[in-house]
Amino acid sequence: MHHRIGRLRFGYRLRTVAGQVFALQVIVVLILAAAAFSALLLQSQADADNEARNRSLAVAEAVAASPNVQQALSSKNPTATLQQQAEQTRKRSDVDFVVVMSPTGIRYTHPTPSEIGKRYIGSIAAAQQGRTVTETTVGTLGPSVRTVVPVTASDGKVIGLVGAGIAVKRVSLAAERQVPLILAATAVVLGAATAGSALISKRLLRQTHGLGPAQMTRMYEHHDAVLHAVREGVLIVDAQGNLLLANDEARRLLSFGADGEGRPVTALGLEPEAEELLVSGRAITDEVIKVGDRLLAVSRRPMTQQPGLGGWVATLRDTTELSALMGRVEVVQERLKLLYDAGLRIGTTLDVPHTAQELAEFAVPRFADYVTVDMTDAVLRGEEPNQPSAKELRRVALHGIRNDTPLYPPGELVQFAPSTPQASSLSSGKVTLEADMAAFSGWQEQDPDGSRKLVDYGLHSMIAVPLRARGVILGVVTFWRSQSPPFAQEEISLAEELVARAAVSIDNARRFTRERTMAVTLQRSLLPHELPKQSAVDVAHRYLPAEAGLGGVGGDWFDVIPLPGARVAIVVGDVVGHGLHAAASMGQLRTAVHNLSTLDLPPDELLWHLDELVTRIDQDRDGNGEAPMLTGATCLYAIYDPVSRLCTMARAGHLEPIIVHPDGDAELPGVPVGPPLGLGGLPYEKTEILLPEGSSIVLYTDGLVEDRQRDIDEGIERLRHAVAHAGRTPDQMCQAAIDAMLPTAPRDDVALIVAGTRLLNGDRTASWDVPADPSAVAGVRAAAAQLLEDWGMEEEAFTLELVLSELVTNAIRHASGPIRVRLIRDRSLICEVSDGSSVSPHLRRATTMDEGGRGLFLVAQFADRWGTRYTSGGKVIWTEQQLSDEK
């Protein structure tokens with residue numbers, strides 16, 4: 001019986017606030033005790049791990065710092081000295097092992113002698129570089145900590161490694177011995193806290209008079225509603241919808257009298273939206289409704305956990321001013337985001353029209369319904385703009401929400417009248433707002449009929465903003481609106497900032513256009529405008545400068561140079577770098593090659609002289625420090641002889657040419673590669689190839705075959721397959737190579753030249769061997785005269801006989817054999833006299849008393865050109881006579 005009474009009392013006390021508070025406090029104390037005990041165990045475990053790390057590190061560093069260890073590591077048998085010392089250290093420091101090892105990880109000591117000489121198991125890479133390695137591993141004895149410390153000599157070199165390890169369990173045994181003490185302390189604290197909670201609950205029970213939670217909640221809901229509704233309107237309504245309480249703020253905001261308490265909410269005469277929200281029965285938070293000219297934020301909550309049973313409380317806040325302020329904040333945020341996005345989307349390329357179009361497309365429809373951009377032609381050409389005139393603007397960009405706008409289209413020259421906002425902005429440099437276009441306040445004077453069409457189309461306001469960058473006006477941007485609200489005064493600053501950001505990008509594009517135009521103009525002026533006429537090869541070429549914004553204008557170049565004896569030199573080269581300096585350097589190299597080619601040198605000797613020239617030029621530039629060096633430029637020089645079909649080539653760091661045979665077979669001739677120009681030190685080697693008639697020589701620069709997506713050897717192989725077709729003309733081969741290798745704009749300059757070889761048939765050449773006898777001159781003259789008669793060139797016979805007599809006579813008198821004469825009928829009549837001497841004749845003017853010395857003078861007078869070239873067996877003196885139909 002007494003037990004039942006005790007249980008009833010205990011259950012009653014638990015239903016009271018005091019009983020529930022006591023139970024809650026006991027639970028909290030238990031949770032806190034358990035958490036504290038767990039935290040102590042975790043802290044003990046963490047301390048054990050830290051202690052293990054510190055102990056292993058201290059032992060390893062102490063052993064590594066020992067002079068005996070450093071001295072023993074330098075001995076022949078470190079184990080004999082270190083094994084005992086390591087074991088003593090291990091026992092004194094109470095660690096599991098102390099291992100001394102070589103820099104490569106071979107153990108010199110170990111608690112188990114059989115492990116000596118084996119490789120240390122663990123990470124030592126950082127220790128080999130002079131750093132300390134500490135790691136935690138898990139083995140059969142549980143987690144253990146290992147530390148490896150480098151042993152360094154006086155010069156900082158790592159001469160050995162010391163490792164020390166200890167099991168975490170060994171360190172944590174001390175902490176585990178404290179567990180009973182911790183449990184006892186926890187029990188004492190738990191008992192004391194429980195007793196304290198019991199005393200507090202007993203006192204709370206007297207103060208609450210044994211009330212339950214429901215009664216206490218209802219009582220305090222009324223009090224809290226009154227106490228915390230000082231600055232807000234408060235409504236308390238019962239479950240039947242009758243108003244129980246309304247403070248003064250609620251009456252003011254909802255506009256009802258003091259007699260409203262006790263009446264249904266529906267009888268207070270509230271506005272429909274407010275009444276519907278208050279009687280809806282749903283819980284809401286800060287739902288905004290409009291009551292009169294105010295915006296009220298309404299929050300509604302039931303007074304019990306079950307809505308509709310215990311009534312509800314509503315709070316009202318006047319947010320009219322806050323809403324206006326938030327609206328302004330949102331507008332500012334939208335404008336800031338607009339300007340931020342403009343910086344990302346405008347100016348993605350260095351092209352003036354494209355950047356202007358990006359501005360127009362970006363502003364529609366976020367800021368305007370239509371945007372037009374007008375600039376001077378000087379800006380489009382990249383030139384430095386003067387103060388732009390309103391009558392010299394060209395429409396560069398137009399974009400809008402519709403495509404049938406009556407605005408002037410892009411490309412048209414627009415002449416703004418002085419009364420227009422555009423002209424006003426250009427002259428004053430300030431933004432001009434036309435808020436009501438339909439008023440026709442003067443802007444229509446430029447085109448009255450067109451202005452009427454614009455208004456009829458729906459355009460009602462515009463803002464004209466000068467396009468200014470770095471203090472210079474480039475043009476004018478006009479924002480138009482038709483469907484959006486008219487432009488307001490506060491939007492002027494946004495339009496000005498938007499255009500200012502775009503103007504910097506447009507000016508950058510203009511400056512780049514100017515620099516690129518100058519570089520391209522310079523480069524094209526230095527490249528051959530028209531290839532010289534010659535009969536040795538049929539030439540086709542392509543030159544593609546790098547696309548704007550990718551690589552810039554570079555220093556690629558090519559040339560075709562006629563040489564004596566109907567031969568021709570084909571040259572292609574590449575100067576390192578891009579821009580004006582690269583183009584100017586290319587012009588220097590091209591001029592140097594032209595000058596050296598007049599010496600009629602073999603390709604290997606010409607490249608050697610060119611390399612010396614580049615070295616001297618760079619030495620002169622080195623003191624300046626502004627102009628880039630020429631060192632690293634590449635060049636390929638080839639000479640083709642249409643009489644012998646011999647092609648001689650040499651290259652200085654350049655890509656190897658491709659030879660396409662008449663049957664379509666394409667191959668690399670194996671020309672030895674020499675160092676790029678300016679490096680010096682190594683000779684250049686030449687290759688001689690006998691080409692069948694109708695073969696083609698393909699020369700190119702790396703911009704054609706080099707790509708980020710493929711290896712350069714792969715690019716050369718693709719080019720070889722592209723040109724490996726029979727029956728194509730050089731121009732067709734050029735186009736096929738460009739189509740196969742450059743599907744998009746090139747990132748580097750591309751120079752491509754294809755030379756189809758020709759052959760001078762035997763009926764266009766003749767040669768004779770001349771004995772070293774002065775009497776043989778007459779026979780040679782007669783044979784040459786007969787040959788010219790057969791060729792129908794009797795008019796040139798007298799001059800040729802005179803020239804031939806002098807050259808052959810000089811060879812017989814002053815040179816050694818063998819002497820040979822060759823005549824070639826090409827675009828000019830070529831006469832060649834070769835001998836075995838390497839002494840070059842000199843032109844001089846004989847005096848009246850001299851018996852000789854007039855031979856070369858006469859030759860120079862009668863021949864159009866003459867010169868000397870050296871061969872491996874001697875020299876050749878040649879002359880050229882222009883034929884009658886060529887003069």
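Along the sequence shown, residues are numbered consecutively beginning with 1.
- Scanning for salt bridge (charged side-chain N to carboxylate O under 4.0 Å, His left out) contacts around Arg510 gives Glu384, Asp507, with sequence neighbours left out.
- For the pair Leu742/Leu704, a side-chain contact is recorded, criterion being any heavy-atom separation below 4.5 Å from C-beta on.
- The distance from atom CG of Leu606 to atom CG of Leu601, rounded to the nearest 0.5 Å, is 5.5 Å.
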Give every donor-acceptor pair under 3.5 Å between a side-chain atom in residues 663-671 and any protein atom, sequence neighbours left out.
from	atom 1	to	atom 2	distance (Å)
Asp663	OD1	Asp665	N	3.1
Glu667	OE2	His661	NE2	2.9

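- Asn595 and Arg590 share no donor-acceptor pair across their side chains, judged by distance under 3.5 Å alone.
- In this structure Glu832 satisfies the salt bridge (charged side-chain N to carboxylate O under 4.0 Å, His left out) test together with Arg822, Arg869, sequence neighbours excluded.
- No more than 12 heavy-atom neighbours from other residues, nucleotides or ligands sit within 6.0 angstrom of CZ on Arg813.
- Nearest heavy-atom pair, Leu677 versus Ala652, reported as atom, atom and distance to 0.1 Å: CD2-CB, 3.7 Å.
- Minimum interatomic distance between Asp611 and Pro676 (heavy atoms only, all atoms of both residues): OD1-O, 3.8 Å.
- Across Glu796 and Gln881, no two heavy atoms sit closer than the pair O-NE2, 3.8 Å.
- Counting only heavy atoms from C-beta outward, the side chains of Thr757 and Pro642 never approach each other to under 4.5 Å.
- For the residue pair Glu358 / Thr348, a side-chain donor-acceptor distance below 3.5 Å is found, with atom types taken as modelled.
- Every pair tested for salt bridge (Lys or Arg N to Asp or Glu O under 4.0 Å) that includes a residue from residues 630-643 fails, sequence neighbours excluded, so the list is empty.
- For Gln735 and Arg542, the side-chain atoms include at least one donor-acceptor pair closer than 3.5 Å.
- No side-chain heavy atom of Ile824 sits less than 4.5 Å from a side-chain heavy atom of Arg764.
- The shortest non-hydrogen separation linking Ser597 to Tyr637 is CB-OH, 3.6 Å.
- Every residue two or more places apart in sequence or in another chain that forms a side chain to side chain contact (heavy atoms under 4.5 Å, CB included) with Thr871 is listed here: Val876.
- For the pair Val660 and Val698, the minimum side-chain heavy-atom distance is below 4.5 Å.
- A donor and an acceptor atom, one from each side chain of Tyr870 and Asp600, are nowhere located under 3.5 Å apart.
- Listed by chain and number, the residues in a side-chain hydrogen bond (donor to acceptor under 3.5 Å, both in side chains) with Arg865 are Glu880 (sequence neighbours excluded).
- Glu605 is not listed as a side-chain neighbour of Leu610, based on a closest heavy-atom distance of 4.5 Å or more.
- By the salt bridge (charged side-chain N to carboxylate O under 4.0 Å, His left out) test, Arg645 is found to be paired with no residue, residues two or more places apart in sequence or in another chain being considered.
- Listed by chain and residue number, nothing satisfies the side-chain hydrogen bond (donor to acceptor under 3.5 Å, both in side chains) test with Asp711 (two or more places apart in sequence, or in another chain).
- Residues Arg567 and Asp826 are not paired through a salt bridge, judged by the lack of any N-O separation under 4.0 Å between the basic side chain and the carboxylate.
- Side-chain N/O atoms of Thr701 and Asp574 include no donor and acceptor closer than 3.5 Å.
- Heavy atoms only, all atoms of each residue included: Ala540 and Pro730 are closest at CB-C, 3.5 Å.
- Scored by the side-chain hydrogen bond (donor to acceptor under 3.5 Å, both in side chains) test, Ser767 finds Arg820 as partners (sequence neighbours excluded).
- Remark: Glu717 engages Arg720 in a salt bridge (charged side-chain N to carboxylate O under 4.0 Å, His left out) (not counting sequence neighbours).
- Taking the ring pair (Phe, Tyr, Trp, His ring centres under 6.0 Å) definition, one finds that Tyr640 meets it with nothing, sequence neighbours left out.
- In this view, Thr634 and His654 satisfy the side-chain hydrogen bond (donor to acceptor under 3.5 Å, both in side chains) rule, not counting sequence neighbours.
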